[in-house]
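Reviewing the structure listed below.
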Amino acid sequence: MDSLQYDLPALTIRRISVSAMDNNVYLLTAKASGEQVLIDAADDLSAIQQLLADASADTAATPRLALIATTHQHWDHVRALKELAAATGAPTAAGTDDADALPVPVDRRLGHGDRVAVDGFELAAVHLRGHTPGSIAFVYQDPEGPAHIFSGDSLFPGGVGNTQKDPERFNQLLSDVTERLFGTYPDTAVVHPGHGKPTTLGAERPHLEEWRARGW
C-alpha cells in the first residue's frame, strides 16, 4: 500500500502501520532539501527502512534523516528506535519528562512551546500531560493549509489517550488537549494519532464535554 498520505507544498507526509498493535510511524520529508523527520520508530526496522526508501521519490535532493522524534515513552512506540538511531546516526528528540525512559540517549529534550527545525520546515512541541508525564504532540503548520498534529497517544478519534482510570491524570490530559490543541488550532487541523486513522479537531471538538462527563 502506498505510504504517501499528504503531498503538501513544502513537504510530504508518509505513514505506515507496524506490528499487531497498529502503531503509526510518520515520515516528513522537505521537498527542497530532502531533510526528514521520523515520528515514532515504533517497530519493524525493515519496514521503516522501506518507508525511508519510498520517500526518496518526494524530493529531488538527497534524502537525509535529520531527526527521530518520539511522542512518548511507551514500549510499543520505541521498539525500533535504538536500531534506527544506530543505522542512521540521526539525532533523537523527546519530551523532557519521558526522555530518561527511552532506550537511547535523547539529544533534544523538549518542553511545551519548543520548536525543532530541519532544513525546510519546523515542528512545534506541545506538551500533553496525562497519558505519560512527558508526552509531546508535534505540530507542523502548513503555511498554505491546515496544521498537522502528530498527537501520539494523547488524542484519538473519539477521545483522549488511556490514563488507567486515574481521575487526576484524565483531567490533566483532557485539560491540556482542550487548551493546547483545541484552544490553539482551528477545526481544520488534521490529527495524526499514534494508532489508527486520522481525524480533525473539528470532528472531535463537539464531544469534549461528553468525554469529560464519561471520565475517559
Side-chain angles (χ1 to χ4, degrees), residues 1-17 21-31 37-40 42 58 69-72 74 77 95 110-116 120-132 134-163 167 169-216:
M1 189 179 76
D2 187 2
S3 61
L4 183 61
Q5 271 205 308
Y6 292 87
D7 185 0
L8 305 178
L11 58 75
T12 59
I13 299 172
R14 288 181 178 266
R15 176 185 72 93
I16 57 171
S17 171
M21 297 187 70
D22 188 25
N23 286 87
N24 288 325
V25 180
Y26 296 100
L27 180 65
L28 285 59
T29 302
K31 291 182 174 180
V37 175
L38 186 132
I39 298 175
D40 284 355
D58 299 341
T70 299
T71 59
H72 65 292
H74 283 162
H77 291 262
L110 301 171
H112 182 61
D114 286 346
R115 293 182 176 271
V116 292
F121 64 94
E122 70 173 19
L123 301 173
V126 180
H127 187 194
L128 302 171
R129 300 157 290 187
H131 181 66
T132 67
S135 285
I136 294 286
F138 294 95
V139 182
Y140 170 66
Q141 179 59 66
D142 183 356
E144 300 182 33
H148 291 262
I149 301 169
F150 300 87
S151 59
D153 284 2
S154 291
L155 177 62
F156 295 99
V160 296
N162 189 357
T163 51
R169 286 174 57 197
F170 169 74
N171 286 323
Q172 178 70 75
L173 179 55
L174 186 57
S175 293
D176 277 1
V177 163
T178 300
E179 174 190 342
R180 297 178 175 185
L181 294 182
F182 289 93
T184 302
Y185 298 97
D187 285 352
T188 54
V190 182
V191 178
H192 303 270
H195 307 261
K197 295 180 179 180
T199 185
T200 65
L201 291 184
E204 308 305 322
R205 190 184 302 273
H207 305 290
L208 285 169
E209 288 310 311
E210 171 192 331
W211 301 348
R212 189 174 296 279
R214 78 187 183 190
W216 56 273

Pairwise side-chain contact, Asn171 with Arg212, heavy-atom cut-off 4.5 Å (strictly under): yes
Strictly distance-based, threshold 3.5 Å: is any side-chain N or O of Thr184 a donor or acceptor partner for the main-chain N or O of Glu179? yes
Working to the nearest 0.5 angstrom, can you tell me the gap between Leu11 CG and Asp58 CG? 9.5 Å
I need the Ile39 CD1 to Tyr26 OH distance, nearest 0.5 Å. 8.5 Å
Going from CG on Leu27 to CG on Asp40, what distance comes out if it is rounded to the nearest 0.5 angstrom? 12.5 Å
Can you tell me if Asn24 uses its side chain to pair, donor with acceptor, with the backbone of Pro193 under 3.5 Å? yes
How many angstroms lie between atom CG of Leu28 and atom CZ of Phe138, to the nearest 0.5 angstrom? 11.0 Å
Considering all heavy atoms, the nearest Pro157-Lys197 contact: CG-O, 3.4 Å
Between Lys31 and Leu8, is there a donor-acceptor pair closer than 3.5 Å when you use the side chain of the first and the backbone of the second? yes
Parallel, tilted or perpendicular: which fits the ring planes of His192 and His148, with parallel below 30° and perpendicular above 60°? parallel
Between His207 and Trp211, what is the ring plane arrangement, given parallel below 30°, perpendicular above 60°, and tilted in between? parallel
Can a donor-acceptor pair be found, under 3.5 Å and without considering hydrogens, that links the side chain of Thr200 to the backbone of Ala203? yes
Could you tell me the separation between the CG atom of Asp153 and the CG atom of Leu173, rounded to the nearest 0.5 Å? 10.0 Å
Nearest 0.5 Å please: distance from the CG atom of Asp142 over to the OH atom of Tyr140. 4.5 Å
Which heavy atom of Ala147 sits nearest a heavy atom of Gln141, and at what distance? CB-OE1, 3.4 Å
Using the side-chain contact (heavy atoms from CB on, under 4.5 Å) rule, take Leu110 and Val116 through it: C-alpha gap first, then chi angles, then the decisive distance, then the call. CA-CA 9 Å; Leu110 301 171; Val116 292; 3.6 Å; yes
Check whether any side-chain heavy atom of Thr29 lies under 4.5 Å from a side-chain heavy atom of Arg14, and answer yes or no. no
Could you check whether the rings of His72 and His77 sit parallel, tilted or perpendicular, using 30° and 60° as the cut-offs? tilted
In sequence, state the C-alpha distance, the side-chain angles, and the governing distance for His112 and Val126, and then conclude on side-chain contact (heavy atoms from CB on, under 4.5 Å). CA-CA 5 Å; His112 182 61; Val126 180; 3.8 Å; yes
Shortest non-hydrogen contact from Thr163 toward His131: CG2-N, 4.2 Å
For residues Gly194 and Phe156, report the shortest heavy-atom separation together with the two atoms involved. N-CE2, 4.2 Å
Is a side-chain donor-acceptor pair under 3.5 Å present for Ser135 with Thr132? yes
Quick check against the 3.5 Å criterion: does Glu204 have a side-chain atom that pairs as donor or acceptor with the backbone of Gly158? yes
If only atom types and distance count, is the side chain of Asp176 paired as donor or acceptor with the main-chain N or O of Arg129 below 3.5 Å? yes
Pairwise side-chain contact, Thr199 with Leu155, heavy-atom cut-off 4.5 Å (strictly under): no
Heavy-atom pair of closest approach, residues Asn23 and Ala42: CB-CB, 3.5 Å
For Ala125 and Ile136 the tightest heavy-atom approach is CB-CG2, 3.9 Å
